[in-house]
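What follows is a set of notes on a single structure, which appears directly below.
Values below: all heavy atoms of this structure, side chains included; hydrogens, waters and symmetry mates excluded. If you read the sequence from its start, that first residue is 1, and numbering goes on from there. Everything numeric here is computed off the predicted structure, so don't read it as measured data. In each ligand, atom 1 is the first atom listed, and ligand 1 is the first ligand listed.
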Amino acid sequence: MYSASIINKDIQHVWHPFTHLKYAEAPVHIVRGEGAYFYDADGNKLLDAISSWWVNLHGHCHPYISKKVSEQLFTLEHAIFSAFTHEPAVHLAERLIGHLPENQSKIFYSDNGSTAVEVGLKMVLQYWHNNGMPKKKFIAFENAYHGDTFGGMSVGARNVFNNAFENLLFDVIHIPVPTSDNIEQIKSTLQSWFTNHNDIAGFIFEPLVQGASGMIMYEATYLDELILLCREHNIICIADEVMTGFGRTGKFFASDHLKNKPDILCLSKGLTGGYMPLGVTSCAQFIYNACVSDDKTKTFFHGHSYTANPTACSAGLASLDLMEQEGTQQQIAMISAHHNDFAVKHKHNLKLSGIRNLGTILALEINTEEHTHYLNNASESMASYFLKHQIIVRPLGNILYLIPPYCITPSELKYVYNVIEEFLAE
Ligand SMILES: *Cc1c(COP(=O)(O)O)cnc(C)c1O
C-alpha cells in the first residue's frame, strides 16, 4: 500500500531522466541498499549488476563510507571554496594526484561528470586564449558521450540524445574509433588537418571504453599513437575518465594502460564510491600556469556553488581508502577473470553479434531483428526479464552489459551469467 502511494505521487510530481514518458513502466520503488543489493518496497532483494548508474564501487551503504560521511556532516557540511579551503578537499586532491598519471599536478572541483568535461574543455580554450592563440576546434570520437551540458553534447556524437539542440552545438572534428584497419587512415586525415588548419585546440576521448554508446572498446596502442600525433602538434589531450576511472578497466585509471599520458583528466561517477555528486578535472602544470598572471582578465572564471563540497570530498577520501585495500584489488582481478572466461565461452554464440570485456566491464551485443541502436526495443524486454530474476541491468538498446560493484561475489557473478545464458537460450 505504501509503495503504491509513492509510485502514484512519483507519477504525479516527478520527471525522470532518459525516460520515455508515454510508455514508461512505473518505476521500481527502492527502499534500501546494502552491499551489492537493492531492496524494493515489495521486499524483493535485487542484485545490482550495474553499480546503480555506474557509480557505486564498494557496495551500497558501505558502513565505512557512511561513517566517514556522517562524521563530516557534524564537522563541516559546506564551505565557500573561493578564498577558503578545508581538509577534505586538500587531502582528496593530494591523494588523487598520487594515483593520477605523473604529469597531473592540479585538481579543479565541480559537481558531476558533465561539469568535469565542461571544465576540461574550458581549460583548453582558456589556455590558448591566454597564450594569445585563440584556437577553438576540438577533435572527438564518433559515438562519443561526454555528458548532457552544451559543451559535453557538442563533443559527443550527434544522435537521438541531442537532435533537438543540434544547430546550437559547436563544430567538432569527429574521427572514428581507431582499429588496426583504420589507424593509418585516421592518422593521415589528422595530419592533413594539422597541415592545413592551425585552429585545433584539443582532442577529447573516453579512453579504451566508450560507455554510453554501448561499451565500445578499443586498444590502448592506437590511442597512444593518436595522443602522440596530437602532442607533436601541440594539441591538448583530455581523457574523459568519468566512467573508466577507479578500477573499471582493471587498472586504477584507463590512462594507466597508455604510454602517452593525457594533459587533462575528467573524473566523477566512482569518485565518491557512488555516494555523492562530485566532479574533478585534473591538469598538467602548464595548463594551470597559463592562468597565473598579473593580468586579472586571464583568470579561469568557472565555479559552482557546491564546488569541493566537504561531505562529497569525505566520501571520496573514504572510497579511496577502500580502493587502496589489497582485498579490493583482488576483487577487481576476480571480476575481470570471470568476465573474461564468460566472454571466451560465448565468443561464437550465434545469438550474439559480439561480446567484449575489459577489466570489470562485460558487454554483449544481442542479435535482434532491429539493428544495434540505443532505441532498440530489446532494451526494455531485457531489463524486465532480468528484473524478474532479481537482477538490475539497464541495457543500452540491444547491448547488455555488466559493470558490478567490486563487492560482488563469485557465486553472485555466476548467478548473473546463468540468467544471461537462460535469456540467450530463449
Ligand atoms: C556519465 C558520463 C558523463 C556525464 O556524467 P554525469 O555525472 O552524468 O553528468 C560524461 N562522460 C562520460 C564518459 C560518462 O560516462
(message) Go through it in stages, so that I can follow the logic: the residues are His58 and His60, the test is side chain to side chain donor-acceptor pair (under 3.5 Å), and I'd like the CA-CA distance, side-chain angles, deciding distance and then a yes or no.
(response) CA-CA 7 Å; His58 313 289; His60 296 284; over 6 Å; no

List for me each residue that meets side-chain hydrogen bond (donor to acceptor under 3.5 Å, both in side chains) alongside [X], sequence neighbours excluded, and say none if there are none.
| X | value |
| --- | --- |
| Thr249 | His257 |
| Gln210 | none |
| Asn367 | Ser353 |

(message) Testing Tyr288, Phe286, Phe300 one by one against Tyr127 for a ring-ring contact (aromatic ring centres under 6.0 Å, His included), which residue passes?
(response) Phe286

(message) I need the contact residues for ligand 1: any residue with a non-hydrogen atom closer than 4.0 Å to the ligand, ordered by chain then number.
(response) Trp54, Asn112, Gly113, Ser114, Tyr145, His146, Gly147, Glu206, Asp240, Val242, Met243, Lys269

(message) Tell me if a side-chain donor or acceptor on Thr328 pairs with a main-chain N or O of Leu322 at a distance below 3.5 Å.
(response) yes

